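Scope of the values below: all heavy atoms of this structure, side chains included, with no hydrogens, waters or symmetry mates. What you see is a predicted model; the values in this text were computed from it and never measured.
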Amino acid sequence: MLNKVSSLARALSVLVAVVAGFMPGLGFDAALVIVVLSLVSGISMPTERMTGSGVAALALPVVGGALGHLPAVGEQLNAVAGNLALGVASALGSALAIYLFNMVKDDLMGLGK
């Protein structure tokens, strides 16, 4: 059930990121929606995906900056890449928090043996 909720939150986050990049005046704070949905999606992120997510969070702003030079759609593509980077970073943040919590929990449980 949690994986389904996380997957849905991830899909909605990407959808909001793309739509907000092309239509900035949506009437709500798209960045806040992206962050909240991405925090939920990061709950079920496996540790194998953390490295790739970290690379994506670092690379997306660079890619967006390069795409920003395209005529007519560059500014929108830069905004989409920035929104996606915000989402990936938020998901990675919640996944790292859970990873660190479990690591500390396991270390403390090992002290009692």
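- The environment of Phe28 atom CZ is dense: over 12 non-hydrogen atoms of other residues, nucleotides or ligands sit within 6.0 angstrom.
- Put simply, CG on Leu96 and CE on Met50 are 5.5 Å apart, with the number rounded to the nearest 0.5 Å.
- Following chains of ILVMFWY side-chain contacts shorter than 4.5 Å, one can reach Leu37 starting from Leu26, so the two form part of one hydrophobic cluster.
- Linking ILVMFWY residues whenever their side-chain heavy atoms come closer than 4.5 Å, directly or via other members, places Val80 and Leu70 in the same cluster.
- Rounding to the nearest 0.5 Å places CG of Leu15 at 11.5 Å from CG of Asn83.
- For Glu75, the CD atom counts as loosely surrounded, since its 6.0 Å shell holds 12 or fewer non-hydrogen atoms of other residues, nucleotides or ligands.
- A distance of 11.0 Å separates CE of Met103 from CG of Leu108, quoted to the nearest 0.5 Å.
- To the nearest 0.5 Å, atoms CD1 (Ile34) and CG (Leu84) are separated by 7.5 Å.
- Between Gly42 and Ser94, the shortest heavy-atom contact is CA-OG, 3.2 Å.
- Between the side chain of Ser90 and the backbone N or O of Leu86 there is at least one donor-acceptor pair closer than 3.5 Å.
- Cluster annotation: Leu12 is not connected to Val36 through the hydrophobic network of ILVMFWY side chains, with a link wherever side-chain heavy atoms come within less than 4.5 Å.
- Under the 4.5 Å side-chain contact rule for hydrophobic residues, Val16 and Val19 share a cluster.
- Few gaps surround CZ on Phe22; more than 12 heavy atoms of other groups in view lie less than 6.0 Å from it.
- Between Asn78 and Leu67, every side-chain heavy-atom pair lies at or beyond the 4.5 Å cut-off.
- Using a 4.5 Å heavy-atom cutoff, the side chains of Val33 and Asp29 are not in contact.
- Considering only heavy atoms from C-beta on, Met1 stays 4.5 Å or farther from Ser6 through its side chain.
- Distance CG/Asn3 to OG/Ser44: 4.5 Å, rounded to 0.5 Å.
- For the pair Leu111/Asp107, no side-chain contact is recorded, criterion being any heavy-atom separation below 4.5 Å from C-beta on.
- Side-chain contact check for Ser38 versus Arg10: every heavy-atom pair is 4.5 Å or farther apart.
- Note: the hydrophobic cluster containing Ile43 does not contain Leu100 (ILVMFWY, side chain heavy atoms under 4.5 Å, direct or indirect links).
- Within the model, atoms CG of Leu58 and CG of Leu92 stand 9.0 Å from one another, a figure rounded to the nearest 0.5 Å.
- Here the closest non-hydrogen pair linking Ala20 and Ala30 is CB-CB, 3.6 Å.
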